[in-house]
*Asks:* 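There's a structure below that I have some questions on.
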Number of protein chains: 2
Amino acid sequence: MTIRVPNGEAESRKTAAQRAGSGRRHTGRRRNEEARDAILAATLDMLRTEGLQNVTIDAIAHAAGVGRQTIYRWWPSKGAMLAEAMGRRAHAAVPPRDSGSFDADLTEFITASFRGLEDPGTARALRDLASAAQHDEHVAAALGEFTAQRRSALRALMERGRAEGRLPASANLDMLVDLFYGFLWYRLLMGHAPLDASAARDLTAHLIAAGTAVPGPDGQFQALD
Amino acid sequence: MTIRVPNGEAESRKTAAQRAGSGRRHTGRRRNEEARDAILAATLDMLRTEGLQNVTIDAIAHAAGVGRQTIYRWWPSKGAMLAEAMGRRAHAAVPPRDSGSFDADLTEFITASFRGLEDPGTARALRDLASAAQHDEHVAAALGEFTAQRRSALRALMERGRAEGRLPASANLDMLVDLFYGFLWYRLLMGHAPLDASAARDLTAHLIAAGTAVPGPDGQFQALD
DNA sequence: TCTTATCGAGACTTCCAGTCTCGTCAAACG
DNA sequence: CGTTTGACGAGACTGGAAGTCTCGATAAGA
């Protein structure tokens with residue numbers, strides 16, 4: 001947020017570097033990609049074991065064996081760095097398997113989603129990131145992409161189920177997807193009820209039943225007769 | 001977190017006050033309840049207009065015309081004060097009306113819940129509090145009580161619906177309640193889809209349909225045949 | 001009147017994000 | 001090979017916010 005006017009020395013150095021655009025492209029020591037990886041790895045590790053409260057820039061730099069300034073050479077803020085760490089983790093998520101059986105794949109998707117949250121470190125990391133997303137635009141963007149991916153994966157699975165006739169043709173898949181992830185995040189964030197295998201089974205049954213809601217003649221869903 | 005050993009002077013004053021338990025009960029100037037109210041009111045007001053990021057203890061004290069120390073005379077921390085402010089606000093929520101018609105009351109409950117979130121200030125305050133609850137035990141407790149109240153109100157409404165035969169006797173009301181509030185909070189926190197009148201109508205229809213999920217012979221819900 | 005506790009005000013401490021500087025080191029260029 | 005350039009780790013520094021401490025003033029009981 002702070003506007004800073006660079007001093008004369010830095011200014012002249014910068015313009016010299018910019019002017020070199022057509023000449024030599026890059027001189028001097030190169031940025032160390034390994035340091036970047038170490039920073040992200042340390043961040044992910046601490047996020048699971050310490051909780052965001054204790055994951056300070058100083059602690060990350062120390063754990064990664066890196067100077068604080070190096071972190072700010074790669075990312076403009078702590079939030080941006082957290083966002084990239086989360087994005088890297090999200091890539092590790094396996095897409096739902098297409099076994100040919102919608103029933104088996106849906107059950108697998110839901111139970112796997114719940115099982116992943118049984119690890120307290122994972123659960124805490126997700127809660128912390130959702131919390132941070134409420135006041136950091138970078139984290140919000142990353143979390144938005146992360147959750148959109150998940151919704152899209154579940155939606156694709158449900159589209160198959162609809163094609164197979166396991167869900168009615170009129171089923172509102174976006175609604176079902178939000179019902180699923182809403183339930184999951186609500187229990188994760190509020191912690192008033194478990195996200196265990198029993199809840200996964202019950203939720204699956206309720207989602208299938210919810211899929212039978214039918215839209216009225218105006219295309220809108222009719223709540224009540 | 002810091003453990004502090006009180007100095008001799010403060011210690012002797014404190015023991016003198018404690019010793020007075022049987023003797024004179026209270027001397028000296030009384031704590032000003034109006035200051036307390038002003039603090040809570042200023043907090044609630046700023047929470048809706050500024051966002052938690054800008055709601056600093058200093059800003060609250062200034063807005064309430066109060067010294068910072070006065071805030072810490074009433075609450076041990078900012079989180080505890082936020083929790084009480086939220087609790088006061090929660091009390092203002094009207095319980096669902098019993099019009100005799102389950103259909104009308106459920107529709108009213110759901111549309112009113114969504115309508116309340118159309119005010120950006122309210123939505124931001126709730127998002128901020130959910131965020132703060134993830135790393136502050138006082139806020140977490142208050143939010144837990146707040147959400148439990150809401151779940152309990154909706155559950156009572158649904159119990160009436162079950163008694164009236166509008167929901168099957170086997171309906172798992174806790175699941176339906178979590179599906180509703182999960183959907184609401186998920187869209188509130190992620191912001192990927194609106195919480196408008198159309199969503200309210202669709203959600204109502206899907207909840208009623210989800211209520212038809214039936215448990216298997218073992219009492220557990222069977223996801224799939 | 002005298003004692004006691006709260007009041008607003010503000011200096012102060014601690015913690016953390018982010019910036020700046022410094023001496024060092026690696027890569028490119030001449 | 002030597003010079004230039006820019007990234008490196010380290011650490012001092014700034015700024016903002018939570019929370020503490022102190023002070024003179026004030027209100028209420030004794």
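Proteins come first, then strands; the chains are lettered A, B, ... in the order of their sequence lines, and each starts at number 1. A quick note: this is a predicted structure, and the numbers were derived from the prediction, not measured.
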*Asks:* For B/Arg89, is there an ion pair with B/Glu84 - N to carboxylate O distance below 4.0 angstrom?
*Replies:*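 No salt bridge links B/Glu84 with B/Arg89.
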*Asks:* In whole Å, I'd like the distance from the CZ atom of B/Arg31 to the C1' atom of D/dA27.
*Replies:*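 Answer to the nearest Å: 16 Å.
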*Asks:* Can you work out whether A/Thr56 or B/Arg29 has the more 5'-proximal nearest nucleotide on DNA chain C?
*Replies:*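 Taking each residue's closest nucleotide, the earlier one in sequence belongs to B/Arg29.
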*Asks:* Indicate yes or no: does B/Asp119 engage B/Arg48 in a salt bridge with an N to O separation below 4.0 Å.
*Replies:*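 Salt bridge flag = yes for B/Arg48 with B/Asp119.
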*Asks:* Looking at D/dT20, I'd like to know if its phosphate oxygens (OP1 or OP2) sit under 4.0 Å from a side-chain N or O belonging to B/Arg68.
*Replies:*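 Negative; the distance criterion is not met.
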*Asks:* Considering heavy-atom distances to DNA chain D, does A/Glu33 or B/Asp58 have its closest nucleotide positioned more toward the 5' end?
*Replies:*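 Per heavy-atom nearest nucleotide, the more 5' residue is A/Glu33.
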*Asks:* How many whole angstroms separate atom NE2 of A/His138 from atom P of C/dG18?
*Replies:*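 Whole-Å distance recorded here is 10 Å.
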*Asks:* Provide, to the nearest angstrom, the distance between the CG atom belonging to B/Leu82 and the C1' atom belonging to D/dA18.
*Replies:*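 Result: 12 Å.
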*Asks:* Using heavy-atom distances to pick each residue's nearest nucleotide on DNA chain D, tell me which of A/Val66 and B/Tyr72 is more 5'.
*Replies:*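 The answer here is A/Val66.
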*Asks:* Thinking salt bridges, do A/Asp196 and A/Arg187 make one under a 4.0 Å N-O criterion?
*Replies:*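 The answer is no: the pair does not qualify as a salt bridge.
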*Asks:* When the distance from CD1 of B/Ile39 to C1' of C/dT6 is rounded to whole Å, what number comes out?
*Replies:*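 After rounding, the reported distance stands at 12 Å.
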*Asks:* Distance check needed: C/dC16 C1' versus B/His135 NE2, whole Å only.
*Replies:*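 It works out to 14 Å between those atoms.
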*Asks:* Between atom CD1 in A/Ile57 and atom P in D/dG9, what is the gap in whole Å?
*Replies:*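 To the nearest whole Å, that distance equals 14 Å.
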*Asks:* Under 4.0 Å: is that the gap between some side-chain N or O of A/Thr27 and OP1 or OP2 of C/dC29?
*Replies:*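 No, outside the criterion.
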*Asks:* Whether A/Asp136 and A/Lys78 form a salt bridge (side-chain N of Lys/Arg under 4.0 Å from carboxylate O of Asp/Glu) is what I want to check.
*Replies:*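 Salt bridge flag = no for A/Asp136 with A/Lys78.
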*Asks:* What is the distance from CD1 of A/Ile71 to C1' of D/dA10, rounded to the nearest Å?
*Replies:*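 Going from A/Ile71 (CD1) to D/dA10 (C1'), I get 13 Å.
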*Asks:* Using a strict cut-off of less than 4.0 Å between a Lys/Arg side-chain nitrogen and an Asp/Glu carboxylate oxygen, indicate whether B/Asp174 and B/Arg151 qualify as a salt bridge.
*Replies:*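 No.
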*Asks:* So, under a plain 3.5 Å distance rule, would you say the side chain of B/Gln69 forms a donor-acceptor pair with the base of C/dC7?
*Replies:*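 It does not, because no donor-acceptor pair links the side chain of B/Gln69 to the base of C/dC7 below 3.5 Å.
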*Asks:* Side-chain N or O of A/Arg73 versus OP1/OP2 of D/dC8: is the shortest distance under 4.0 Å?
*Replies:*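 For A/Arg73, the contact criterion (side-chain N or O under 4.0 Å from OP1 or OP2 of D/dC8) is met.
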*Asks:* Verify the contact: side-chain N or O of B/Thr70 to OP1 or OP2 of C/dG8, cut-off strictly under 4.0 Å; return yes or no.
*Replies:*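 Yes, within the criterion.
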*Asks:* Would you mind reading off the distance between A/Lys78 atom NZ and D/dG15 atom P, rounded to a whole angstrom?
*Replies:*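 Whole-Å distance recorded here is 21 Å.
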